[in-house]
Amino acid sequence: MVSPAVLRIRGGDGCWRVDRPMPRGRDPWHPRCHGRRSVPFPRSSAAVRRRGSARERPRQEARAHVDRPVSLLLAGGASAYALLGASSPQAPEDLTLRAISPWSTNWLNGAEQAWTYDAPGNGERTEVWPAGDKLVRIVVQSDSTVITVLRQTGDGVEAVWEQTLDHALSSIGVWKNWVIDRDQLIDIDTQERVRAPWSADAVVSVSPSAAVACEGHDCALWTSRYDERWKTTIDSTNTDLRVRLGFSSGGRYAAVTSGIKPGGGASDGELLALDLDDGSAQSMGSITSDDTWVNLSDGWLVTSTDKSSGSTRITLYSSDGSSLGDISQSLSKSYATFPYSPTRVSVAQARAWIENADTSWAPSTMSISLTGADCLNKLEHGGSTLSLADVNSVVRKAGSKSDKDCAPATINYIGLSGFGPLAEIREVRDHNLYLRLVDPGSSGESGAILIGDIDSWKYFHDGDLLIGYDNTGKLTAYRPKPAA
């Protein structure tokens, strides 16, 4: 039996996180972390190039690191490629990953399993990306990596090709029609290889239209293999930098954290806002694994916890990283009724909610119970009551108080918004993670969809297709049931 957990958000993606206690440290709350496809539409804008005082570093035997905040990855270049020509410039807002693809209301008909695809063997880590009419599955094993390209058919998938690398990739990714193999690119259609236009020791963050490659503090933005838009040196206390194009604010700003961990985990360190127009950056202070940071539509919300006193500070920032001051919850307000918006929350809305429990700006609301023996298990939406497992993403046990007292996850509700007309609600039963898609304004909901074991689950969705997978590489796809 899994004990009730204290929930919070960690990361600018709005990902739900479990504080304590969860089996073997696995975190099941990731509403935005696993591959929502979103393709930007190019628009013209003046190209900007900015040169910093880049320091020369000896080339080391290392692997390229790829930040995969969602499902679409990697572009890049090197200065030698710039001699070949440049592509049409794009506006800064086209360089980030677009808003998450909303869930279709067809899921309110319920979900049914569409197909499965077996694992290639024992895997330690798996990632899956959509690529046009294909899927790319990359399974990292102890000393090898299996790349499988699948084509979606009417009733399932079929293998186009499969290739086993003689090394385990530390970081993996897909951009446009290429699979990333360290400092090489493998064509998804032909399996041809070309040299990746970044050095092997670069940390690369990507969107469909751009890549920011950093070596230490020296970073460059590329919009193709041939077009270096700017190059600069970012002043930071972090040893290495990781730009997160999937975590953007105001269209032209992206989050920057410390370097990458295997599997894409975030490290403690400084949090910055990077201007994709010219490469300038502004610090938003230091963060740790106990802190929360959320990308808002026009700014950022960052919490910092004083471990000695246990107090939490909440600060709002504009998109460029300028501080807008601290905010705090009202002790006289009830946060049992919380807001839901199909789009990302703004700075003004976040302030109204946290300071005054104000939900007047929200298109719809949902509610939890704060008292009663079953307060952990109730979610009110659209005049209906949804029964949840003890461990879920919307209500938690009220610390050391009576078992009959519950507490709202006040800050977490900000990250719950932004998924279109349906909200993602998670729960854990018998060590398995289940997803429910809920209409906040009606009694409609999808029913519980099994994602997988909480120690190794991941998934992505694209409209009417949901694919769950685990570390071994086994894929399970779901589609909405036909309307009755």
Side-chain angles (χ1 to χ4, degrees), residues 11-14 40 45-55 65-70 73-77 89-99 198 202-223 227-260 264 266-287 293-302 315-324 344 347:
D13 50 354
S45 165
V48 177
R49 296 178 66 88
R50 178 174 181 265
R51 294 283 180 177
S53 56
R55 298 181 296 274
H65 298 301
V66 181
D67 174 12
R68 178 186 180 267
V70 283
L73 300 178
L74 198 60
Q90 291 149 318
E93 61 266 25
D94 294 320
L95 305 181
T96 61
L97 287 166
R98 287 287 177 155
W198 53 80
V203 178
V204 182
S205 178
V206 298
S207 73
S209 297
V212 180
C214 296
E215 298 180 46
H217 291 178
D218 299 330
C219 299
L221 184 144
W222 299 83
T223 55
D227 184 11
E228 183 189 52
R229 193 57 52 87
W230 50 255
K231 186 174 184 180
T232 189
T233 298
I234 297 176
D235 183 18
S236 173
T237 58
N238 297 331
T239 303
D240 297 296
L241 299 177
R242 179 186 183 191
V243 178
R244 302 187 173 207
L245 293 178
F247 309 145
S248 63
S249 177
R252 63 185 274 183
Y253 297 93
V256 181
T257 62
S258 58
I260 197 168
S267 302
D268 295 351
E270 187 178 22
L271 175 67
L272 305 96
L274 173 69
D275 188 340
L276 297 175
D277 193 35
D278 61 9
S280 60
Q282 183 154 303
S283 176
M284 294 184 284
S286 297
I287 56 172
W293 57 278
V294 186
N295 56 324
L296 307 173
S297 64
D298 57 353
W300 312 87
L301 181 149
V302 182
T315 306
L316 292 172
Y317 295 88
S318 60
S319 295
D320 67 1
S322 300
S323 177
L324 299 175
R344 271 192 294 170
V347 167

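Everything numeric in this text was worked out from a predicted model, so none of it was measured.
Residues passing the side-chain contact (heavy atoms from CB on, under 4.5 Å) test with Asn238, sequence neighbours excluded: Ser236, Leu241, Ser258, Glu270, Leu272. Applying the side-chain contact (heavy atoms from CB on, under 4.5 Å) rule to Thr315 yields the partners Arg313, Tyr317, Ser323, Asp326; only residues at least two apart in sequence or on another chain are considered. Remark: Ser322 engages Gln282, Ser318, Asp320 in a side-chain contact (heavy atoms from CB on, under 4.5 Å) (not counting sequence neighbours).
Not a single donor-acceptor pair under 3.5 Å links the side chain of Ser248 to the backbone N or O of Ala254. In this structure a side-chain-to-backbone donor-acceptor pair under 3.5 Å is present from Ser205 to Leu245. Judged by distance alone, with hydrogens and angles left aside, the side-chain atoms of Trp230 form a donor-acceptor pair with the main-chain N or O of Leu276 at under 3.5 Å. Between the Trp222 side chain and the Ala210 main chain, no donor and acceptor come within less than 3.5 Å of each other.
For Phe247 and Trp293, the gap between ring centers is short of 6.0 Å.
Taking all atoms of both residues into account, the shortest heavy-atom contact from Gly299 to Ser249 is N-OG, 2.7 Å.
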- Stepwise, does the side chain to side chain contact (heavy atoms under 4.5 Å, CB included) test hold for His217 with Asp235? CA-CA 7 Å; His217 291 178; Asp235 183 18; 5.6 Å; no

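With values rounded to the nearest 0.5 angstrom, Leu316 atom CG is found 13.0 Å from Trp300 atom CH2.
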